[in-house]
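In what follows, a single structure is set out as structure tokens and then discussed.
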Amino acid sequence: MCQIFRRPSSSSPYWASTASPSHSHVPRGSHKPPNMPPTPLDFLIPALIISHVLLCPYTKVEESFNLQATHDIINHGVGSSELPHFDHREFPGVVPRTFLGALWLSFQSWPVLKTVQFLGTVMGHGPEDGSLWRTRIFLGLLTAFSLFHVRRAVKTVFGHPASVAFVFLTCSQFHTIFWTSRTLPNMFAFPLGMHFNFNSHLDTISTSHHSPSTDPNPPATIAFSFHIILPLTRSSNQLRIAVRYMIFTAVIFRFEVGILLVPVLALEWLWFHRITLAEVVLDVLATMAAALPLTVVIDSYFWGEWPVWPEAAVFWFNGVEGRSVEWGVLPFYAYFTTFLPRLLLISLPLAVYACAVDPRPRRHVIPATVYVVFFSLLGHKEWRFVVYIVPVFNVAASVGLSKIYIRSLKSPAYRILLALVGLGLLASFAASTVMAWVSSYNYPGGHALRRLHELRWETEDIRVHMDVYTAMTGASRFGEVKGRWRYVTSFLLLLLRLLDRHRRNARIASQPNPIAIQPTNFITSYFKTETHTTPDSYTAANYTHLLTSTPALHEASYAVLDVITGYDGLRVKRPRAWVADVASVLKGALGWSEIVERVMPVKVVKGDKVWVMEKNAE
């Protein structure tokens with residue numbers, strides 16, 4: 001056991017017990033590490049996140065709750081008279097979700113969005129006002145900001161080469177960059193529960209053994225950043241603050257963050273003796289006393305019921321009733337053979353190497369691995385359940401890469417190994433880029449709604465019906481930018497079918513007529529699909545335009561204006577054809593999207609997905 005971990009000795013600081021040339025920037029005996037302002041490298045992650053948002057601005061059905069809630073709060077406010085207009089009142093989903101994330105995102109986005117909307121009103125704006133991607137950028141920058149502080153922690157504990165490696169490893173991972181701006185509940189928990197920093201990160205971390213806990217300005221960092229810097233101080237303050245923020249995240253956003261905390265605390269309590277059981281119980285109870293009333297009061301208000309604790313309902317549904325298996329079951333080893341390799345790419349072998357040659361990363365990796373093993377016992381598995389351990393493995397991988405780099409300065413063998421790792425890093429980044437590019441073809445519903453606006457922007461009093469496929473592949477309330485139009489959608493048929501197994505189904509099934517919601521600025525109506533079962537029913541509803549994936553059903557009464565294509569598969573280009581495509585880019589002036597398509601070594605096979613249709617003139 002002593003070979004797995006190495007306790008810091010009582011006579012020397014932690015980094016001295018695991019000496020490395022990378023720690024020279026932390027002065028021994030200093031009470032505060034030097035201030036670390038942002039460097040050009042720190043802008044790489046936010047730049048990539050923003051580029052992914054612009055490349056794929058639309059969202060899918062699993063992101064819909066927080067996205068629609070954010071839209072409704074921004075556009076309608078939070079007054080009780082406006083709540084009946086909210087999307088969740090008619091389409092609540094299988095289990096309730098918290099509004100706290102949407103409230104925070106709305107608060108951050110509202111000034112910018114309202115300013116842009118005002119300028120659009122004064123100066124005029126086109127078919128896309130950008131509210132969706134601007135809102136998503138705020139969420140993405142939250143994670144980018146937190147990752148900046150993780151890099152600072154890595155630099156303090158493991159050295160500058162490791163901190164540089166952390167940035168490049170993070171940038172090479174598709175899921176980290178692509179999903180951090182998407183409004184899944186997990187993506188609100190990801191920065192807060194893992195490594196977000198509210199105030200100063202390391203300004204008050206004492207590296208002295210002389211009562212570090214007496215520093216008058218204790219740090220206000222969250223979760224993983226705390227866990228990284230714990231070895232630099234003998235105080236339990238940093239760990240206790242991490243406990244509070246992880247419990248706060250578990251109570252409000254995602255309960256599995258609390259499960260991740262269990263192996264972390266077990267290790268710190270039983271082996272490192274950095275916290276006592278009494279401190280754990282006190283921090284858990286104190287945090288729940290603050291977080292639980294917050295979520296219950298606010299979410300009960302929005303849901304119109306009392307009491308509502310969303311994460312308790314999620315835990316009961318998935319953990320107690322075990323109904324998550326209704327979405328599919330995978331074998332025990334799926335996380336280790338499928339999900340983690342996809343999430344981590346080259347970080348996975350580098351993390352394994354780091355744990356083999358350096359005891360320090362094991363302190364972070366072992367609890368994360370125990371967490372994955374626990375979730376492997378559950379039948380239903382998704383990558384987002386274990387996404388929280390990605391920065392943990394990235395930190396370990398950065399330590400491994402930094403060790404290879406330092407040893408390569410003296411060893412030809414390690415120079416060869418460093419070159420191979422560099423090629424692997426480039427391959428990971430290339431794979432991530434291809435996946436992001438391919439993903440941009442997965443949102444035909446959003447593109448179809450925008451295309452209709454482009455074709456009929458000057459037309460007033462239009463009634464648009466969007467079918468289930470359109471609503472599930474990118475069409476959202478953020479896309480409904482034409483004030484005098486009437487948008488109608490048969491939204492989330494899949495969830496409505498699942499609701500017949502949930503208590504909220506009784507309330508929805510009791511409503512025999514289509515539901516019409518009338519906000520202040522425009523009318524948005526949501527109808528159950530069952531109300532339109534024949535082509536004549538669409539005509540009788542007087543829809544002027546359809547966004548549909550079944551054009552043959554409507555060809556007697558509606559004409560096709562345009563067809564939106566989407567992803568159907570990938571085909572590797574032949575070498576000669578690829579060279580010709582690259583040469584054509586150098587010869588002529590092409591659009592940005594066409595340049596990307598020709599430079600890529602693979603070709604996206606596209607098929608017709610959504611038809612934009614207009615009612616025939618009578």
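Here, residue 1 is the first one in the sequence, and each next residue gets the next number. Scope of the values below: all heavy atoms of this structure, side chains included, with no hydrogens, waters or symmetry mates.
Within the 4.5 Å cutoff, the side chain of Arg363 has heavy atoms near those of the Leu267 side chain. Counting only heavy atoms from C-beta outward, the side chains of Val262 and Phe374 never approach each other to under 4.5 Å. Looking only at side-chain heavy atoms (C-beta outward), Ile137 and Ile49 stay at 4.5 Å or farther from each other. Residues Pro185 and Asn66 form a side-chain contact, since some pair of their non-hydrogen atoms from C-beta on lies under 4.5 Å apart. Contact of the His175 side chain with the Val387 side chain is not registered, since no non-hydrogen atoms from C-beta on lie closer than 4.5 Å. Side chains of Val150 and Asn394 form no contact here, defined as non-hydrogen atoms less than 4.5 Å apart. Side-chain contact between Ile404 and Leu350 is present, with heavy atoms from C-beta onward closer than 4.5 Å. With a 4.5 Å cut-off on side-chain heavy atoms, Phe393 and Thr369 count as touching.
Counting only distance, with no hydrogens or angles, the side chain of Arg136 and the backbone of Pro57 share a donor-acceptor pair below 3.5 Å. No side-chain donor-acceptor contact under 3.5 Å links Lys60 to the backbone of Gly474. Although no hydrogens or angles enter the test, the distance criterion places no donor-acceptor pair under 3.5 Å between the side chain of Ser411 and the main chain of Arg407. When atom types are taken as modelled, the side chain of Ser51 and the backbone of Leu48 share a donor-acceptor pair closer than 3.5 angstrom. No donor-acceptor pair under 3.5 Å is formed between the side chain of Arg598 and the backbone N or O of Val585. When atom types are taken as modelled, the side chain of Ser402 and the backbone of Pro161 share no donor-acceptor pair closer than 3.5 angstrom. With hydrogens and angles disregarded, a donor-acceptor distance shorter than 3.5 Å links the side chain of Glu311 to the backbone of Phe255. Under a 3.5 Å cut-off, the side chain of Thr337 and the backbone N or O of Tyr333 do form a donor-acceptor pair. In this structure, the side chain of Glu268 does not engage the main chain of Leu265 through any donor-acceptor pair within 3.5 Å. A donor-acceptor distance shorter than 3.5 angstrom exists from the side chain of His380 to the backbone of Gly328, with no hydrogens or angles considered.
Across all their heavy atoms, Arg362 and Cys355 have their closest contact at NE-O, 2.6 Å. Contact between Pro444 and Ile564 at its shortest, heavy atoms only, is O-CG2, 3.7 Å. Ala396 approaches Val365 most closely through the heavy-atom pair CB-CG2, 3.5 Å. Across all non-hydrogen atoms, the minimal contact from Val602 to Lys573 is O-CE, 3.7 Å. The heavy-atom pair separating Lys381 from Leu330 by the smallest distance is NZ-O, 3.0 Å. Of all heavy-atom pairs between Phe478 and Leu67, the closest is CE1-O, 3.4 Å.
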Report the C-alpha distance between Gln173 and Ser428 in whole Å, list the side-chain angles of each, state the deciding distance to 0.1 Å, and finish with yes or no for side-chain hydrogen bond (donor to acceptor under 3.5 Å, both in side chains).
-> CA-CA 7 Å; Gln173 294 169 337; Ser428 292; over 6 Å; no
For side-chain hydrogen bond (donor to acceptor under 3.5 Å, both in side chains), just list the numbers for Ser408 and Arg415, CA-CA rounded to whole Å, side-chain angles, deciding distance to a tenth of an Å, and then say yes or no.
-> CA-CA 5 Å; Ser408 71; Arg415 282 197 286 272; over 6 Å; no
Candidate pair Leu417 and Tyr414, rule side-chain contact (heavy atoms from CB on, under 4.5 Å), full reasoning | CA-CA 5 Å; Leu417 180 58; Tyr414 275 94; 4.0 Å; yes
Derivation of the side-chain contact (heavy atoms from CB on, under 4.5 Å) call for Leu141 and Ile50 | CA-CA 8 Å; Leu141 291 180; Ile50 292 173; 4.3 Å; yes
Report the C-alpha separation of Ser172 and Ser432 in whole Å, then their side-chain angles, then the decisive distance to 0.1 Å, and conclude whether the side-chain contact (heavy atoms from CB on, under 4.5 Å) test is met.
-> CA-CA 6 Å; Ser172 70; Ser432 176; 5.7 Å; no
Decide yes or no on side-chain contact (heavy atoms from CB on, under 4.5 Å) for Ser146 and Thr143, but give the supporting numbers first.
-> CA-CA 5 Å; Ser146 68; Thr143 300; 4.2 Å; yes
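Separation of atoms CG (Leu425) and CG (Leu345) is listed at 10.0 Å; rounding is to 0.5 Å. Separating the CE atom in Met187 from the CG atom in Leu139 is a distance of 8.5 Å, to the nearest 0.5 Å. Taken to the nearest 0.5 Å, the CZ atom of Arg254 stands 5.0 Å off from the CZ atom of Arg97. Put simply, CZ on Arg384 and CH2 on Trp179 are 8.5 Å apart, with the number rounded to the nearest 0.5 Å. Put simply, CZ on Phe148 and OG1 on Thr39 are 7.5 Å apart, with the number rounded to the nearest 0.5 Å. Separating the CZ atom in Arg151 from the CG atom in Leu41 is a distance of 5.0 Å, to the nearest 0.5 Å.
Using a 3.5 Å distance cut-off with no hydrogens or angles, the side chains of Asn186 and Tyr388 do pair a donor with an acceptor.
The only member of Asp568, Thr473, Thr565 that meets side chain to side chain donor-acceptor pair (under 3.5 Å) when paired with Lys609 is Asp568.
Aromatic ring orientation, Phe178 versus Phe174: parallel (interplanar angle below 30°, classes split at 30° and 60°).
Environment of NZ in Lys603: sparse, with no more than 12 heavy atoms of neighbouring residues, nucleotides or ligands closer than 6.0 Å. Annotation: Trp437, atom CH2; neighbour count of heavy atoms from other residues, nucleotides and ligands within 6.0 Å is above 12. Within a 6.0 Å sphere centred on OH of Tyr405, heavy atoms belonging to other residues, nucleotides or ligands number 12 at most.
With a 6.0 Å cutoff to the six-membered ring centre and a 45° limit on the axis angle, Arg360 does not count as a cation-pi contact of Phe158.
At a threshold of 4.0 Å, the pair Lys606-Glu597 counts as salt-bridged, since one of the basic side-chain nitrogens sits closer than that to a carboxylate oxygen.
For Tyr443 and His447, the ring centers are positioned 6.0 Å apart or more.
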